[in-house]
Amino acid sequence: MSSLQPVRGTHDILSDESRRHRWVSKTARAIAASYGYGEIATPIFEFTEVFARTLGETSDIVTKEMYTFDDRGGDSITLRPEFTAGIARAFMSNGLAQQVPVKVFCQGPIFRYERPQKGRLRQFHQLDVEVLGVPGPLPDIEVIALAAHILDALGLRDKVVLELNTLGDSESRKAYRAKLVAYLNDFRDRLSEDSRVRLERNPLRIFDSKDKGDQAVMAEAPLLVDTLNDASKVFFDELLAGLDAAGVAYRLNPRLVRGLDYYCHTAFEFTTETLGSQGAVLAGGRYDGLVEMMGGRPTPGIGWAAGVERLAMMIDEPPAEARPVVMVPIGDETRSLALELTQRLRHAGLTVDLGYSGNLGKRMKRANKVNACAAVLLGEDEMARQAATVRDMDSGEQSEVPLASLENHLARYR
RNA sequence: GUGGCUGUAGCUCAGUCGGUUCGAGCACCAGAUUGUGGAUCUGGGGGUCGUGGGUUCAAUUCCCAUCAGCCACCCCA
C-alpha cells in the first residue's frame, strides 16, 4: 500500500467532479427550500448507539458496514452510515417536538465499510430530506413529489422510475411475517443459503434476492399488500391518490422491501438501469417508530436519501459557471494599480483573475485557458491616461476605457 | 465478506514469446512571437512499468503475496 493512495473507497473530488456535485446539491437545496424545507447540519459522527439501536441489530449496516472506533475518552463513536438516525437524535436533543412539523434538508458525507465498485464508495455523499411529526400520508406525498421535482430539474426524468410499495403498520406486518414464514418453511430446502439466514432474521428481504431459485419460490409467495389491515389500506390508497393528484408517476412493486428495521407504510425507491448493479438513486420511506425507539415520544417520520455521486454520474454537463475577467498588468510599474483595480472590480461583483506572473503573452494564454470573457490590459501608456484596454476574448475587439468607468463597461460580463 | 478481470507518463493506450536507454496521442513547459490568447511549427520535462518478495546470468514481461480499480454476489445512495 502506497501512502500516497487514498484509503480504499475514498476519492478526491477534483474541480470538474466537484462542479457536478455542487450542481446536484445546489439544485436539490433550492427546490427543497421552495417546498419549505430548511437546511440543517448534524455531526458526521455520533455515539454508536444512535445507529446501532435504531437500524436494527441484524441489519447489514450495523453488522458489517459501520466505521466504529473508540475515542480518547473511551466512548464508542460511529461515522454516520445514514442521516435519519442522527436527525432523529437532533430532533430530541433540541426539543424540536415543540416545533412540529419539522421539515429539513441535509447534505454531506456518509460512511459505509463496503467493497467499492462504481457508484459505491466507502465515503460518499447524500442529500437527505425528512419530515418529523406528521401522521398520515400527506408528508409522504410531499416528500416524494419533492424528490421527483429534483430529479426532473436534474434532467433525469427519463432515466429513473419511481417504485412504490407499502409495508403497512406494525400489526399488518406482524401478521404478514407469520404468513410468509409459514409459506417459506415448506420451501426451506429450495432457498439459497443466504435466504435461509434471511428467513430467520428478516424474511421480507428474500424478495430482494437475485437467486433464481429464491425468485421462483417468491413468485408464488403471499404478498403483504393482500394482508394489510384497513388502516394500512386507507393510508396506502390516500398516498396513491395524492401522488396522482400531484402528477407523480409511479410503478407499484409489491416486492420492494427496505433493509432497515424502522420502516413502515410507505417505501419507495427511484431506480435506474444506467448504474450497473447499483439501481437505487434515491430511496426512502416512513419510520413512525424511530424516535420512540431512541427513547423519545412516539413521533411519525418520513424521509429519503439520495446518492450525490450516483446522481452526478447520471446528469448531463452542468451549466457553465461564471467566466472570469482577467486583469493583465504590463510591466512592473502597473502592478499595484492592477491589484487595486482587481479588488475594486471584485467588490463590484465581478469574477476577476489576476495572474501571479508572466509577460503579456503568457498572461493572455492564461486568460484563454481559464476561458476568460474579457481581458483588462493595463500598460504604462494606459496608466498615464488613467485608462485600460479592454479586450473581448471572444470577438477579439478591444477598446480603451477610462478607469473611472471600468465597472460600467464590464457590467455586461457579469 | 465471497468469486472473477485489470494495474506501463497527469489522461487514453501501445510494447517486450524474459535480453542494451519502455513508446504514441492528448495535456504540461519553453521558443518561433520581449504590448496581445485561441491555430501551426520546433524543442523540452515527466516512468523505481501499482507495491513487496521469488525464479533467472538477466524480470515491466514468468510465479507468489499485497494494495487499488472494475465486474458479479451480498447489500445499498
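Below, read A as the first sequence line, B as the second, and so on, with proteins coming before strands; counting in each chain starts at 1.
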*asked:* Nearest heavy atom decides the nucleotide; on that basis, is K362(A) or N359(A) closer to the 5' end of RNA chain B?
replied: K362(A)
*Could you check F124(A) against K118(A) and say which one's nearest nucleotide on RNA chain B is further toward the 5' end?*
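The answer here is K118(A).
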Salt-bridged, [X] to [Y], with N to O below 4.0 Å?
X	Y	result
K212(A)	D214(A)	no
R122(A)	E65(A)	no
K103(A)	E142(A)	yes
E46(A)	R80(A)	no
R286(A)	D169(A)	no
R344(A)	E407(A)	yes
E114(A)	K64(A)	no

*Just to confirm, is there a sub-4.0 Å distance from OP1 or OP2 of C76(B) to any side-chain nitrogen or oxygen of K64(A)?*
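Checking C76(B) against K64(A), no side-chain N or O comes under 4.0 Å of OP1 or OP2.
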In whole Å, measure the gap between the [atom1] atoms of [N] and [M] for me.
N	M	atom1	value
A68(B)	G54(B)	C1'	22 Å
G15(B)	C74(B)	P	37 Å
C5(B)	G44(B)	P	42 Å
U21(B)	G25(B)	P	23 Å
G38(B)	G7(B)	P	38 Å
G52(B)	C67(B)	C1'	10 Å
G35(B)	U48(B)	C1'	47 Å
U61(B)	A65(B)	P	15 Å

*Mind running a 4.0 Å heavy-atom check of residues 388-400 of chain A against RNA chain B and sending the residues that fall below it, in number order?*
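Under 4.0 Å from RNA chain B: T389(A), R391(A), M393(A), D394(A), G396(A), Q398(A).
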Check if the side chain of [X] and the base of [N] share a donor-acceptor pair of N or O atoms closer than 3.5 Å.
X	N	value
R120(A)	C74(B)	yes
R115(A)	G69(B)	no
E382(A)	G35(B)	yes

Can you check the [X] [atom1] to [N] [atom2] distance for me, whole Å?
X	N	atom1	atom2	value
E130(A)	A77(B)	CD	P	12 Å
R310(A)	C76(B)	CZ	C1'	6 Å
R366(A)	A27(B)	CZ	C1'	15 Å
E65(A)	A77(B)	CD	C1'	11 Å
E82(A)	A77(B)	CD	P	8 Å
Q123(A)	A68(B)	CD	P	16 Å
D16(A)	C11(B)	CG	P	15 Å
Q117(A)	C76(B)	CD	P	15 Å

Watson-Crick or G-U counterpart of [N], or none if no pair lies under 3.5 Å:
N	value
G3(B)	C71(B)
C22(B)	none
C76(B)	none
U55(B)	none
G43(B)	C29(B)

*What is the ring orientation for F235(A) with H265(A), classed by angle as parallel under 30°, tilted 30 to 60°, or perpendicular over 60°?*
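It falls in the parallel class, under 30°.
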Assign [X] to base, sugar-phosphate, or nothing according to its heavy-atom contacts below 4.0 angstrom with the strands shown.
X	result
E269(A)	nothing
L121(A)	base
E114(A)	base
K210(A)	base

*State yes or no: are the ring centers of F124(A) and H11(A) separated by less than 6.0 Å?*
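No, the ring of F124(A) stays outside the 6.0 Å limit from the ring of H11(A), centre to centre.
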*Within a radius of less than 6.0 Å around CZ of R366(A), do more than 12 heavy atoms belonging to other residues, nucleotides or ligands occur?*
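No, not enclosed.
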Looking at the side chain of [X], which of [options] is the nearest nucleotide?
X	options	value
A283(A)	C28(B), A77(B), G37(B)	A77(B)
A280(A)	A77(B), G37(B), G35(B)	A77(B)
Q5(A)	C74(B), C29(B), C67(B)	C67(B)
R112(A)	G37(B), U36(B), A77(B)	A77(B)

